[in-house]
Structure formats: C-alpha cells, structure tokens
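Notes follow once the structure below has been shown.
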Amino acid sequence: MQQASAGTWERIADEIRKRVRPQQFDTWFRKVRLADDSGAQLILKVPSEFWRDWLRSHYMAAIEEAVRTAVGPDVGVGFAVDSALASSPPREPAPQAEEHRGGRESPGEPLNARYTFANFVVGPSNRFAHAASMAVAEAPSKAYNPLYIYGAVGMGKTHLIQAVCHACLASRVRTKVLYVPCEAFLNDYVFAVKNGSLESFRKRYRQAGLLVIDDIHFLANKERTQEEFFHTFNTLYNADRQIILSSDSAPKTIPTIEERLSSRFRWGLVAKIDAPVFETRAAIVRKKAEMYGSGIPDDVVEYLAASVDGNIRSLEGSVIRVIGFASLTGRKPDAALAAEVLGESSGRRSAVSMREILDAVTEVYGVKITDLQSRSRTRAVVRPRQVCMYLARKLTDHSLEEIGRHLGGRDHSTVVYAQEKIEAELKRDKGFRRTIEDMRARLSDA
Ligand code: ADP
Ligand code: MG
C-alpha cells in the first residue's frame, strides 16, 4: 500500500469531528497524526501509551467509521506512540479544559473553514437561498431580517449559513458573529437555568451582531427554551442585529412551535433549498474533488452524480471515498474503481441494521413491527412493509431471503416486487420521494 496522501488525516479528522463532541475532539484528537508511511494499515501516531489505550477503549468505533468513510472500506487502523507529539503545540487555539467548558460556556461553535461561499456550488435548487445569503452577508440587518433557510438533511443549509458568518468575519465591519447549533442553545439554556447563570447566558446571546441558529426545529416541544429564544429574538431584532435561522421545514410547519415565534420567522425572508438536479450534483462532485486535491475524469463525475440523488452529504462522502481509496491504493480514480468502492461499500452499508430500518419505518408510518411482520395485506401495512424492503435493499448487505425473513418470512420475489413498486412510486410522487430520502439520510447518518 502507498504512502498516505497529504490531507488524508484532515479528511479522517473531519469525519471524526462529526462523531464526537468538540471538546472530546480537542482533548483526544488534536495531537494525533498519521504516520507518513503507513504500511498495510493506517497508523495513527499518538503521544503516549495511555493515550493509545484510551482511544482504543473509547473511540475505536468512531475512528474506524471515520476511516471507512474518508479512506475506503477494508482499511485497518493501528497505533504508534510518538512522545514528541506530547509537547507539540496544537494547531488551533488551545482548548480549555473539558470540565470548565462542558460545551456550555462556549461563545458559539467554531465554523467549518470549508463552508465558504467560494466552495458553494449554485444551481437552480439553491439559487434563491444563495442570493439571499449573499445579500445578508453584504448588508447584515439591512437586507432581510431574519433570514430563514430550510430544506431536507444534507442540502447545504449549514454550509450556506456558515458562509455568511465567514463573509461577515472577513469584512471590515466588525460584527460579533455567533454561530450556534440549536442543540447547543438548548444545552446552554438548561445549564444556565440549573446554575443560576441566566444573566450571563442572556448577555452572551444578546451581544451578538449576527446570531445564527442552526436547525431551529429542535426547539419543537421545548416550551421554556422557546420562550427564552423569543426574548433573545426580540432583543436582537429591535437592536437591528441580524438573525439567521435554518430548519428542516417551513416556519409554520414546525410542530409545536409557538405561533408568535413562527410568525416572527416569516418577518424577513424565507428561502427553501431543494435537492440538486443532476448538473448541480456533477458540479458539486467536481468542486469537492478539487477541494480534496484530486482531479477526477468526467465519466466518474457522472457516475457519482447519477448514483447519489438527494443528499449532498452522501454525495460528498462518495467523492471522498473514491479519492481516498484511489490515493491509498495508488490506482487511478476511474469508473471501475468508483463502482468497486461504492457498489460494495460494505462498511457503510452494514452500518445500518434491519432493526434501525424497522424502527424508522414504524415511527414514520405509525405502524407496529408486528404488523409489518404479520400476514395483513391492508394498504396501511403493505406500503410501509415495502418501504422497509426497499430501504433494506439500498442500505444493507442482506440478501433478498434475509430481508424477507425479517418481514414475516416473505419470499425473495416479494422483496424484488416491493423494490420495483417503491422505485416506480418514487418517480411519480415528489412528497413520497422526500419522505424516503429523509429516512435514508437519517439512517445512513445515525
Ligand atoms: P444541511 O445542513 O442542510 O444538512 P450541510 O450544509 O451540512 O447540509 O451540507 C452537507 C454537505 O454537503 C457539506 O459538506 C456541504 O459542504 C456540502 N454541500 C451542500 N450543498 C453544497 C453546495 N451547493 N455546494 C457545495 N457543497 C455543498
Ligand atoms: Mg445542518
């Protein structure tokens, strides 16, 4: 096997970041490096034996998944102790101790350096949201306030709203930019209530010149936090500060969000991001390949753009796996290699279990697992059962027989029929497509 290419560790680290909390990453991964000459497996250099044992016992699953996603299937991971690393300065500002920070006192989350306007590919599906974001970046609080961007998982919401943050930070006007995933806002609030530090909580949020709350739909069912956010919103709005929100659905369709909040969300501009069309997907593949320092031939671009339709995060994952696998094995990233990596990306596929699929489907359709496995042929049960079969075909390595067995001992032709039926329905029905795409994205993300 070849030398690991420059950037391999960065890609793996990006994937690890998605799987562990920021403080954990700071504590355990910032000093880790990839050995220059990895042999048959990737060797992670760590500062001490204790460190190695800790990673093995606490983070092995995250590391292996990250390597699978960033580099390719069937790549082993080993460790080497390099005590010189212990004194190496961290590459980013030194993290504060976990106990102190606990993710709660942090003034917003760090931005992903790659989520810039320059790296964002514009197409018909996101043109409006992109233009609105540019307008806001150029004239915060003047163009549209609040800016509310919504769309399904992996459509580029976080990328776009962080691009506004980057642009504001780069501009000469000094604005205090606060980017906060909604969950962090919730945690912050709960922590402040528990510790009697509401005053400093309020001060922190109400000082922002630009407040960006990502995935605001997480406020659903959180009445007290909604109340608090309502006041934060009003204070900022009245002081002419820019507010940007992202969500998985339109303002009025977030369940159990108070009307007075959802109506405020509509005061400014609401922009939706749709699934990208084929040409945009191809352009994104090219862009990502370029970002990861590798060109890929047109037929591979098309292969990738055709094989992943909705979720751009999955599309990006495919690009990374193809490039990573090519660089690690010293082969050209051609269509054959892409088919090999994606067609049988067993690592990723078996990550989803039958049980998770059944759980997701029963939740979405409100049926019981026993119904799915029963003999019932009513439409209310047949459809979700077929969805299970379809998802299992797409997301797991189970054979037709195994899938049939999980669904009440049905034979393989029933599973084939279900898959065809669902595929036909997906072509016809946009709403249904959306539901299925969401489930797929959620299942492959979990
Ligand atoms: P969301 O927040 O909507 O779930 P993200 O912003 O996290 O989606 O996007 C998922 C991935 O897809 C990110 O890595 C992002 O860079 C990439 N992405 C999404 N849209 C685009 C785009 N138009 N151009 C380039 N990359 C994109
Ligand atoms: Mg997001």
Side-chain angles (χ1 to χ4, degrees), residues 7 10-19 22 66 69-70 108-134 147-167 179-186 212-219 244-250 254 270-292 301 304-305 308-321 323-324 434 437-446:
E10 278 68 25
R11 292 201 305 270
I12 297 171
D14 273 356
E15 291 300 323
I16 293 175
R17 271 198 194 89
K18 294 179 191 163
R19 294 171 169 83
T69 312
E109 298 267 315
L111 300 173
N112 182 325
R114 296 205 180 96
Y115 289 176
T116 59
F117 280 124
N119 288 336
F120 191 82
V121 175
V122 183
S125 55
N126 58 29
R127 183 162 285 126
F128 181 55
H130 173 262
S133 303
M134 293 279 276
L147 173 62
Y148 184 103
I149 293 183
Y150 74 100
V153 180
M155 293 293 133
K157 303 181 295 292
T158 298
H159 186 142
L160 201 49
I161 60 185
Q162 289 204 2
V164 179
C165 297
H166 282 299
Y179 167 84
V180 193
C182 190
E183 279 174 309
F185 184 84
L186 288 165
V212 181
I213 307 267
D214 201 354
D215 291 327
I216 194 77
H217 52 275
F218 282 121
L219 280 187
I244 303 181
L245 307 167
S246 82
S247 168
D248 68 353
S249 37
I254 305 180
V270 175
K272 178 167 184 245
I273 306 188
D274 286 306
V277 297
F278 179 82
E279 282 72 24
T280 313
R281 297 203 296 273
I284 290 173
V285 170
R286 285 203 186 84
K287 182 97 208 172
K288 298 291 175 187
E290 179 193 309
M291 278 172 57
Y292 290 107
V301 170
L304 291 171
V308 181
D309 45 7
N311 190 327
I312 301 176
R313 191 173 298 144
S314 316
L315 184 62
E316 183 169 12
S318 303
V319 177
I320 291 174
R321 276 200 301 281
I323 294 175
R434 184 73 180 273
E437 270 168 14
D438 275 357
M439 279 206 274
R440 278 185 73 158
R442 238 157 262 199
L443 282 163
S444 350
D445 254 351

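Indexing begins at 1, ligand by ligand and atom by atom, following the structure's order. All values reported here derive from a predicted model rather than from experimental measurement.
- Counted by atom type alone, D248 and Y150 present zero donor-acceptor pairs between their side chains at under 3.5 Å.
- Atom 20 (N) of ligand 1 has I312 CD1, 3.3 Å as its closest protein atom, hydrogens excluded (heavy atom only).
- Looking at atom 2 (O) of ligand 1, its nearest protein heavy atom turns out to be T158 OG1, 2.8 Å.
- Across the listed options I161, V121, V122, V121 owns the non-hydrogen atom lying nearest to atom 22 (C) of ligand 1.
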(request) Step by step, work out the side-chain contact (heavy atoms from CB on, under 4.5 Å) result for V121 and T280. (result) CA-CA 7 Å; V121 175; T280 313; 4.1 Å; yes
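- Residue contacts with ligand 1 for A152 involve N, CA, C or O but no side-chain atom from C-beta outward (heavy atoms, distance under 4.0 Å).
- Sorted by first and then second residue, the pairs that involve residues 118-129 and meet side-chain hydrogen bond (donor to acceptor under 3.5 Å, both in side chains), not counting sequence neighbours, are T116-N119.
- Heavy-atom distances between K287 and ligand 1 stay at or above 4.0 Å for every pair.
- A salt bridge is absent between E437 and R440; no separation between the charged side-chain nitrogens and carboxylate oxygens falls under 4.0 Å.
- Atom 14 (O) of ligand 1 has E316 OE1, 2.3 Å as its closest protein atom, hydrogens excluded (heavy atom only).
- R313 NH2, 2.9 Å is the protein heavy atom nearest to atom 7 (O) of ligand 1.
- For K272 (side chain) and A250 (main-chain N/O), no donor-acceptor pair under 3.5 Å exists by modelled atom type.
- Between the side chain of K287 and the main chain of A118, a donor-acceptor pair closer than 3.5 Å is present.
- Every atom of ligand 1 with a heavy atom of V153 under 4.0 Å away is listed here by number and element: 4 (O).
- With a 4.0 Å cut-off on non-hydrogen atoms, R114 does not touch ligand 1 at all.
- Atoms of ligand 1 found under 4.0 Å from any heavy atom of N126, numbered from 1 in the order shown, are 23 (N).
- Between D14 and R17 there is a salt bridge, since at least one side-chain N of the basic residue sits less than 4.0 Å from a carboxylate O of the acidic one.
- Among all non-hydrogen protein atoms, the one lying nearest atom 19 (C) of ligand 1 is G156 CA, 3.3 Å.
- Under 4.0 Å from ligand 1, the heavy atoms of N119 that appear belong solely to its backbone.
- Ranking the protein heavy atoms by distance from atom 6 (O) of ligand 1 puts H159 N, 2.8 Å first.
- Residue-to-ligand polar distances keep F120 apart from ligand 1: every N/O pair is separated by 3.5 Å or more.
- Here the two rings, on H166 and F117, have centers that are 6.0 Å apart or farther.
- Near K288, with a cut-off below 4.0 Å to any heavy atom, the atoms of ligand 1 are 15 (C), 16 (O), 17 (C), 25 (C), 26 (N), 27 (C).
- Between H130 and F120, the ring planes lie parallel to each other; the angle is under 30°, not in the 30° to 60° tilted range.
- Between Y148 and S247, the side chains place a donor N or O and an acceptor N or O closer than 3.5 Å (distance only, hydrogens not considered).
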(request) Under the side-chain contact (heavy atoms from CB on, under 4.5 Å) rule, what do I161 and I149 come out as? Steps first, then yes or no, please. (result) CA-CA 8 Å; I161 60 185; I149 293 183; 4.2 Å; yes
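- Using a 4.0 Å cut-off between charged side-chain N and carboxylate O, E290 and R286 make no salt bridge.
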(message) S246 vs I216, test: side-chain contact (heavy atoms from CB on, under 4.5 Å). Steps then yes/no.
(response) CA-CA 6 Å; S246 82; I216 194 77; over 6 Å; no
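- In this structure, G154 has a heavy atom closer than 4.0 Å to ligand 1.
- Near the Mg ion (ligand 2), less than 2.8 Å away, sit the protein N, O or S atoms T158 OG1.
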(message) For a side-chain contact (heavy atoms from CB on, under 4.5 Å) check, start with the C-alpha distance between L147 and L245, then their side-chain angles and the critical distance, and finish with the verdict.
(response) CA-CA 6 Å; L147 173 62; L245 307 167; over 6 Å; no
